[in-house]
Amino acid sequence: MLRTFHEHKIRPVDSLDGHWTLSLAEEPNAPDTIYVPSAWESIPGLENYRGKGTIARNFKLTEAANVRLVFGGVSHTANVKVDGEFICTHYDAFTPFEAVVRGLDAGAHTLEVEVDNSFGDHSALHKENDYYTYGGITRPVEIQLVPDTFIDKIYATPRQEGSAWSLDLRVTVNGDAEGELNASIAGKTVSLTQNDDDYSATITGLDVEAWTNETPKLYDLTVQLNIDGKLVDDKIDRIGFRTIAVDGKRLLLNGNELRLRGYNRHEDHPQFGNAIPVQAMVQDLEIMRDLGCNFVRTCHYPNDMRFLDLCDELGFYVWEESHARAVPFDPPKFDEQIEASTREMLEWHYNRPGIVMWGCLNECDSKTEEGKEVYSRVLGQLKDFDPSRPITFASNRNESDICQGLVDIVSVNVYTGWYHDPIERIGPRIDELLGWLHSDASHGGSGKPVIVSEFGGGAVYGNRQRCRSHWSEEYQCDVLDECLRVYLNHPDIVGAAIWQFCDVRVTETWWNGRPRTLNNKGTVDEYRRPKLAYDTVKRRMLEAAGK
Ligand code: ADA
């Protein structure tokens, strides 16, 4: 299943997860089957495979039908063919996509996905980096049978009106037939009005409980499509009623001050690559909850839809960002690929209450006029699509950043105590940076809320040293203790996200400065074994939460 709940009661849906055939262009001795979803690096012998492969299976239709194939994620490029005919291509491991094939006959059909995880000019966002680009169909796949005209996307935006709530709805359909749409939630049903490109309605006077991290109450929203008086299609999503707003230097959730405490988390696991099973996702969130966190940043790309669902269910505030970590802006495919990653994230993840801000372009060029043009474009894309959420990006350009006028929330990655300066400078350094930010010199950042979006230090699991040197668990503990003491209690900082939740694999080119070819800044190691810092982080987080 693509989600943690059923999205349809009327539309027939089947999972295509399971064993598919595998053939790898440059590895003729590879096994001839692979489980979907998985990363091919988890197959013995393929730990370092980078290149092309074809992953295929058959599916059967009992009668002629229109088929909608939905891929949660293919890493990183997919060319989809049905019965040998090219259907669509998609780039980027981290956004879902669909392939619609109309009028397929009854009987058996082949589905082939040519997958490519190679680097080069064809890939501006997936490249050698401080995290790993795996290969394969790494998220679930579904087959859905759809009528000629079917429900495509639902965009639901909650609004608070005193003690009651309302919900603005926009629904798109795929197909030409004139239909009638209705939507139901929390005991109310409305008909939607047809506009040029979509359908819309506002459901008012909803007597619902607000969504917060302590009361993560979700309500089923059901949209149904009737054509010629006959019910032909449906789609269900889950809505949490909450608002998120910026008020001067503060962040407000449902009108109340919100402070964020948590982690940056990569989708990475030594056994599963980026194809993390749902039970392991749950455990990651349970660990973060135990640590006293309420916040997770999906660095540096959109996450698996099931992980976002779990955040909604368990009550985690999420910063989700489109895919880009410290990439240059001039590769031939950059403009097209960053636009698509950003648009697809917004289209597929819009309704999640957990997501309280959108981000983009982590640690890119935010200090030149050319760079600013790109920031302005991508941040503008986020804001135009969704004015209901604040926007941000994580900057490492310090006092030379010129893009802080473009965001609602200023976010800074600060590694005092690790890459530069001793631990004693953690407090003074953030105050220097805030001093600059709230002055005229900051190009428009003054007076905005601030998140320290990355900080921390590396520790190799098991490396205990009484001399507390770099890479020891003791040193990491000292850095995090001081960072959390300062950042969690600072009146001008609304959020702090430790870099990072767990140790993660990096590409081979990053071996220098990355012992074990892992980024070792996790509070838990790659197998989620707690390091010495675990209890320190927990104490500081719980203190800050008043627990
Ligand atoms: C940056 C970057 C992270 C990671 C981190 C580090 O801030 O955003 O992806 O590379 O540094 O570990 O140095």
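The figures here come from the full heavy-atom set of this structure, side chains too, leaving out hydrogens, waters and symmetry mates. Whatever order the structure lists ligands and atoms in, that order sets their numbers, starting from 1.
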Do [X] and [Y] meet the cation-pi criteria used here (NZ or CZ under 6.0 Å from the six-membered ring centre, within 45° of the axis)?
X      : Y      : result
Arg261 : Phe295 : no
Lys521 : Tyr415 : yes
Arg389 : Tyr350 : yes

Original post:
Under a strict 4.0 Å criterion on non-hydrogen atoms, which protein residues are in contact with ligand 1?
Top reply: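 Within the 4.0 Å shell of ligand 1, which is judged on heavy atoms, sit Asp130, His300, Arg325, Asn362, Glu363, Asn413, Tyr415, Tyr419, Glu454, Trp499, Arg514, Asn519, Lys521.
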**OP:** Please determine if Asp284 and Arg528 form a salt bridge, counting it only when a charged side-chain N lies under 4.0 Å from a carboxylate O.
**Re:**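 Judged by the 4.0 Å cut-off on N to carboxylate O distance, Asp284 and Arg528 do form a salt bridge.
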Original post:
So, Asn213 and Arg242: side-chain donor and acceptor under 3.5 Å apart, yes or no?
Top reply: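 On atom types as modelled, these side chains do not qualify, holding no pair under 3.5 Å.
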Original post:
Name the one of Thr523, Asn519, Asn520, Asn264 that satisfies side-chain hydrogen bond (donor to acceptor under 3.5 Å, both in side chains) with Gln500?
Top reply: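 Going through Thr523, Asn519, Asn520, Asn264 one by one, the side-chain hydrogen bond (donor to acceptor under 3.5 Å, both in side chains) with Gln500 is satisfied by Asn519 alone.
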